[in-house]
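Working notes for the structure below.
Convention: sequence-line order gives letters A, B, ...; per-chain numbering from 1. In what follows, every heavy atom counts, from backbone to side chain, and hydrogens, waters and symmetry copies are set aside.
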2 protein chains.
Amino acid sequence: MSTMQDVAKKAGVSKATVSRVLSGKGYVSEATRQQVFAAIEAAGYRPNLLARNLATSKSQCIGMVVTNTLYSGSYFSEILSQAAKKVEEIGRQLILVDGKHSAQQEREAIEFLLDLRCDAIILYPRYLTIDEMDEIIEQTTQPIVVVNRRLRKHPSHAVFCDHKKSAYNATLALIERGHRHIAFITGSLDSPTALERLNGYKQAIGHANLPVEPQRIIEGKWTPACGVNAITSLLERRVPFSAVIASNDDMAIGALKQLTRAGISVPQQVSLLGFDDIPVAPFLLPALSSVKDPVTDMIHEVINRLISMLDGGNMLPQKALISGLVLRESVANAPDTER
Amino acid sequence: MSTMQDVAKKAGVSKATVSRVLSGKGYVSEATRQQVFAAIEAAGYRPNLLARNLATSKSQCIGMVVTNTLYSGSYFSEILSQAAKKVEEIGRQLILVDGKHSAQQEREAIEFLLDLRCDAIILYPRYLTIDEMDEIIEQTTQPIVVVNRRLRKHPSHAVFCDHKKSAYNATLALIERGHRHIAFITGSLDSPTALERLNGYKQAIGHANLPVEPQRIIEGKWTPACGVNAITSLLERRVPFSAVIASNDDMAIGALKQLTRAGISVPQQVSLLGFDDIPVAPFLLPALSSVKDPVTDMIHEVINRLISMLDGGNMLPQKALISGLVLRESVANAPDTER
DNA sequence: TTGTACGCGTTATCAG
DNA sequence: CTGATAACGCGTACAA
């Protein structure tokens, strides 16, 4: 790889001048400017981001850390998709790193992004506690926004939604439709979200003076297979139910699969309800759309928070100044012969 | 952030010694070793990856580039999930960057990863052509493996599966079950995969001496909403069909949703078939499991190729030498008071 | 066993 | 307008 020094030599100028041309900062005569561009193309030069970021402590990119146990699943992919699009809109790169399987590894992922000098970090936590995250936010100068958790000390760094209320409303809506035997498939019970949803369900059942029956509550772990198993379990134990609420859409899909296999049609004979407001969500009863989780809105809010913390201003305009782009523009204007 | 220099001063040694302690290379007396560790903890020191990677041209991480238009969708998330797990097994970080919306941007994403000095790159392309990728592979020293494309010049850098054959087999299986009116929902027709699957379908229909009827072929774009629209279109136009093949599971899910809404039960009244071999896939007829796409196997193969190109050897053992980990081990051994 | 000094590729601060 | 030169934080021959 050719360096800035090579380009400088070819153009008969100094490194500093090349740097000025690339960054657009400082004055450079049009003549030398052209020479430099020529040299850049001749050398096939590409700026080295590592060196640049090391020198500037900036990187024009936004990091996101998520545990890979959440990577499968449509909820995550929707979040990632929305985040990437929003980040693209502000002219940056979204880079996702793996939080793996422990609080320690989530920490490492964060530090990795910090080392990369990411402008900001989106944290979709799984193992870190609220307190640990509050502490990390305090110790870090870069903006960090946490998704799906309620932070104690730094509420402005947290974006979440009211899972308990969603579950409460969903359950209530089914009750109002006359359902008396509503089964519930939980998420992983080590997840706050799963607990909130379970509690919302229990509360609604209780408020309706219906019994909370343990046999109708099946523990799942978010995956479609758990939905399959849950239905199998209900049927095998001959537990009566006229409706099923799954704590997420993936399990709802699994449940649907198994219900279909068993010859039970949905929603004619059984109402099935998933939670996530994502394109996959096939089973939300139309009337219940108000119970959906606003994933899209949530992630947009995350990015907006991030932007506001990004000491504003330098959003898109800077784009034209990024050396890589300047470089490519000039290449683009060159005759197309080689393509 | 405290630097290596700070640590060196605190420990009363030189930077070089600290570096040796951290890297595990070279001889250091146990005494100074302990002093250095003490200084590291006292300073709350963390090595700067940017600087290290700049100096060594290595990074202990593996990059992956995928267009964000593919981020939603369970197929992608399954691939990402599998890749992350495999990469974790070899003690590295998987980092995902956005290929955005053009060949140029896919290039940039690759160069970004190259700049980061990623050990290897997994490319799930959408806009780059075969020839362009062959060229990139030639110009790059880092290992690059391309998923889901047949490379002309560098077949060993490509991992893919036979989509046409899968579609052919799926269609044939339905025909053998007596279906004569098989509808087909395509993927985005700018995608090679979508075309292969469509061709497989057409060929099977042709071989069975059935007419390939355009009215039964609906163009989709991979999303669940397209599945919904496809069924709506078929029903509105009163096109008869007893089976539907969707070119991916997401569209199959959308189709199922709409069939259910229309009061048509699956699979009793209509057979529905998705392609992907992912946990979400609820609708593969059991007997057709041979037509599934081996996503998991494919991505595992990708990582295996990568490893073999990674001038072997330095897989896990190096883990213990990574400074960050050494650092943390000593922290872990310290009393727990502050947690 | 330890320290010195230079290189990695940029940016940024000064003079000129 | 342009060119030295010092950071940026770390790795590493080469000396000591």
Side-chain angles (χ1 to χ4, degrees), chain A residues 1-36 39-40 43-60 111-112 114-117 141 314 318 321-324 326-327, chain B residues 1-36 39-40 43-60 111-112 114-117 318 321-324 326-327:
Chain A
M1 264 298 165
S2 56
T3 80
M4 210 158 126
Q5 187 61 268
D6 302 333
V7 174
K9 202 187 300 175
K10 265 201 174 61
V13 297
S14 73
K15 281 194 309 184
T17 302
V18 178
S19 179
R20 281 191 205 98
V21 172
L22 254 25
S23 71
K25 299 203 164 210
Y27 298 93
V28 184
S29 76
E30 192 52 34
T32 56
R33 192 183 165 78
Q34 293 306 329
Q35 287 175 23
V36 169
I40 283 175
Y45 167 77
R46 292 237 71 217
N48 179 321
L49 288 186
L50 277 188
R52 170 181 296 172
N53 296 349
L54 177 60
T56 58
S57 275
K58 291 190 180 64
S59 71
Q60 293 293 319
E111 308 217 11
F112 176 73
L114 254 23
D115 279 344
L116 254 37
R117 295 294 180 271
T141 56
N314 59 348
Q318 210 170 1
L321 302 181
I322 298 172
S323 60
V326 172
L327 193 59
Chain B
M1 263 297 165
S2 57
T3 79
M4 211 159 125
Q5 188 62 267
D6 303 333
V7 173
K9 203 187 300 175
K10 265 200 173 65
V13 296
S14 73
K15 278 194 314 180
T17 303
V18 177
S19 177
R20 282 190 205 98
V21 172
L22 255 26
S23 70
K25 299 204 164 208
Y27 298 95
V28 184
S29 76
E30 192 52 33
T32 55
R33 193 185 164 77
Q34 293 307 327
Q35 288 175 23
V36 170
I40 283 175
Y45 168 76
R46 295 238 67 215
N48 180 321
L49 288 186
L50 276 188
R52 170 181 296 172
N53 296 349
L54 177 60
T56 60
S57 274
K58 290 190 180 66
S59 71
Q60 294 292 320
E111 308 216 12
F112 176 73
L114 253 23
D115 279 343
L116 254 36
R117 296 295 181 270
Q318 208 169 3
L321 301 183
I322 299 173
S323 59
V326 172
L327 190 60

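- Distance, B:Leu114 CG to C:dG9 P: 14 Å, rounded to whole Å.
- In terms of phosphate contacts, A:Thr17 brings no side-chain nitrogen or oxygen within less than 4.0 Å of OP1 or OP2 of D:dT2.
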Derivation and outcome, side-chain contact (heavy atoms from CB on, under 4.5 Å), residues A:Leu50 and B:Arg52: CA-CA 10 Å; A:Leu50 277 188; B:Arg52 170 181 296 172; over 6 Å; no
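- Listed pair A:Ser29 / D:dC1 fails the phosphate criterion, with no side-chain N or O lying under 4.0 Å from OP1 or OP2.
- As judged by a 4.0 angstrom heavy-atom cut-off over every strand, B:Val18 is placed among residues making no nucleic acid contact.
- A 4.5 Å side-chain heavy-atom check between A:Ile40 and A:Leu22 finds at least one atom pair inside the cut-off.
- Contacts of A:Ser57 with the nucleic acid, taken as non-hydrogen atoms under 4.0 Å apart, are absent.
- A:Leu54 is listed as a side-chain neighbour of B:Asn48, based on a closest heavy-atom distance under 4.5 Å.
- A distance-only check finds no donor-acceptor pair linking the side chain of A:Ser59 to the backbone of A:Asn53 [under 3.5 Å].
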Footprint string (nucleotides 5-10 of chain D, 5' to 3'): B base within contact, S backbone only, - free, heavy atoms under 4.0 Å: ---BBB
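- Residue A:Ser23 places none of its side-chain N or O atoms closer than 4.0 Å to OP1 or OP2 of C:dT11.
- Counting heavy atoms from C-beta on, the side chains of B:Leu49 and A:Phe112 come closer than 4.5 Å.
- Atom CZ in B:Arg33 sits roughly 12 Å away from atom P in C:dT1 (whole-Å rounding).
- Side chain A:Arg20 to base D:dG3: a donor-acceptor pair is found below 3.5 Å.
- For the pair A:Gln5/A:Lys15, a side-chain contact is recorded, criterion being any heavy-atom separation below 4.5 Å from C-beta on.
- A:Asp6 has its CG atom 13 Å from the C1' atom of C:dC8, to the nearest Å.
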